[in-house]
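Only one structure is covered here, and it is reproduced in the block below.
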Amino acid sequence: MGWRGVLGFEYGIVQAPLGPDVSGPELVAAVANAGALGFLRAPDWESPDYLRQLIKKTRTLTDKPFGVGVVLAFPHEENIRVILEEKVAVLQVSWGECTEAFVLQAHQSGVKVVPQIGSFEEAKKAVEVGVDAIIVQGVEAGGHVIGQDGLITLLPRVVDLVGDRDIPVIAAGGIVDERGYVAALALGAQGVALGTRFVATEESNAHPIYKRKLVEMQKTEYTGVFGRARWPDAPHRVLKTPFFMDWRSLPSHENESNQPIIGRTVIHEVEKEVRRFGGTVPNATTTGDIESMAMYAGEGVCLINEIIPATQVIRRLVEGAQTLIQKEFA
């Protein structure tokens, strides 16, 4: 397997589902057309008709399979019903319980189930219920981080747990280039999932200022400052922007609910206000004080120095990994 592919895809590269709608049809289709696995991100509220349209739009841009990511901490039953009815290739789930009945229901619809986990205990449960692959997220990852273990220690433990079962293990957290890809392979992974690197692509729906910050800035911090009211007890890794550094010690009783409105945005065709300390990253529609909004990023952001097409990200990963393995480790 290795860089040659996972879950029937040409390459073992996964574009993580980027919330709230940063990984839209354009990005996911570009990833799919390049032979990798791209994930749309389902809305964090029930919107089955819209989600069906989103899936259909993606299918007008690619004839290759792709997936949809669902955060189980939010209402999701109707959205998942649509995903199964549309027979999307892969359903990625996180922040919730992935049960045996759930996996069986998906399999009956021909849909593969891939949970993202952040602990060894979560991985054990995933193996027991018969999932199709496991994404192991290290604390180095950007966005909401479900565990506190570093990838370099958690990943090989999960690989050993899986053993000879046909459950590919996919590494996530701080990986942005071929060196991280090969390191993950050396730790036993069969693929890698990248988030921040795909935010910083031409096809991503992130706001241009957010993309530029990913290139300009090098430091991140694991925090709980943003989105406390909307998504409590969900720590996250963000860029250490000037705004964040001014407010990083925000008292624990404070949250976005009583804060001033600093902008407006349209997310999955729904107009929303953006309050200070809200946990929503700026997408291409967002207006207002962009630099005071949450900007999620993994530790590998320090290795990103340009905005490039998604196809180029994938090509560099694959060709770079092949070269590195052949020249340095053959």
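Under 4.0 Å is where a charged nitrogen must lie from a carboxylate oxygen, and between Arg59 and Glu86 at least one such pair does. By the 4.0 Å N-to-carboxylate-O rule, Glu26 lies close enough to Lys57 to be salt-bridged with it. The pair Lys124-Glu121 fails the salt-bridge criterion, with no side-chain N (NZ, NE, NH1 or NH2) lying under 4.0 Å from an Asp/Glu carboxylate O.
In this structure, the separation between CD on Gln92 and CG on Asp132 is 13.0 Å, given to the nearest 0.5 Å. Within the model, atoms NE2 of His76 and CG of Leu51 stand 13.0 Å from one another, a figure rounded to the nearest 0.5 Å. We find the OG1-CD distance between Thr196 and Glu140 to be 11.5 Å, quoted to the nearest 0.5 Å. In this structure, Arg52 CZ and Ile83 CD1 are separated by 10.5 Å, a value rounded to the nearest 0.5 Å. Here the NE2 atom belonging to His268 is positioned 7.0 Å from the CG atom belonging to Asp44, to the nearest 0.5 angstrom. Between the CZ atom of Arg275 and the OG1 atom of Thr280 there is a distance of 12.0 Å, given to the nearest 0.5 Å.
A 6.0 Å sphere centred on CG of Leu324 holds more than 12 heavy atoms belonging to other residues, nucleotides or ligands.
Side chain of Lys112 to backbone of Ala89: no donor-acceptor contact under 3.5 angstrom is found. With Arg276 contributing its side chain and Gln259 its backbone, the two residues share no donor-acceptor pair below 3.5 Å. The backbone N or O of Val162 sits less than 3.5 Å from a side-chain atom of Arg165, completing a donor-acceptor pair. Using a distance-only test at 3.5 Å, with no hydrogens or angles considered, no donor-acceptor pair links the side chain of Ser109 to the main chain of Val111. Here the side chain of Arg237 pairs a donor or acceptor atom with the backbone of Val139 at under 3.5 angstrom.
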Task: Derivation of the side-chain contact (heavy atoms from CB on, under 4.5 Å) call for Leu187 and Leu151 - done: CA-CA 9 Å; Leu187 291 169; Leu151 186 63; 5.6 Å; no

Task: Check against side-chain contact (heavy atoms from CB on, under 4.5 Å), Ile325 and Leu185 - done: CA-CA 10 Å; Ile325 290 170; Leu185 295 178; 4.2 Å; yes

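Closest approach of Ser47 to Pro43, counting heavy atoms only: CB-CG, 4.1 Å. Nearest heavy-atom pair, Phe39 versus Val68, reported as atom, atom and distance to 0.1 Å: CD2-N, 3.4 Å. Between Val281 and Met295 the shortest heavy-atom distance is CG1-CA, 4.3 Å. Between Ala29 and Leu61, the shortest heavy-atom contact is CB-CB, 3.5 Å.
In summary, the aromatic rings of Phe9 and Phe66 are positioned with their centroids too far apart to meet the 6.0 Å limit.
In this view, Ala34 and Thr311, Ile314 satisfy the side-chain contact (heavy atoms from CB on, under 4.5 Å) rule, not counting sequence neighbours.
At least one side-chain heavy atom of Leu250 sits under 4.5 Å from a side-chain heavy atom of Arg228.
The aromatic rings of Phe243 and Phe277 sit tilted relative to each other, their planes meeting at an angle between 30° and 60°. Aromatic ring pairs are classed by plane angle as parallel below 30°, tilted from 30° to 60° and perpendicular above 60°; the pair Phe226 and His236 is tilted.
Paired with Asp21 under the rule side-chain hydrogen bond (donor to acceptor under 3.5 Å, both in side chains), one option of Thr265, Asn283, Thr285 passes, and it is Asn283.
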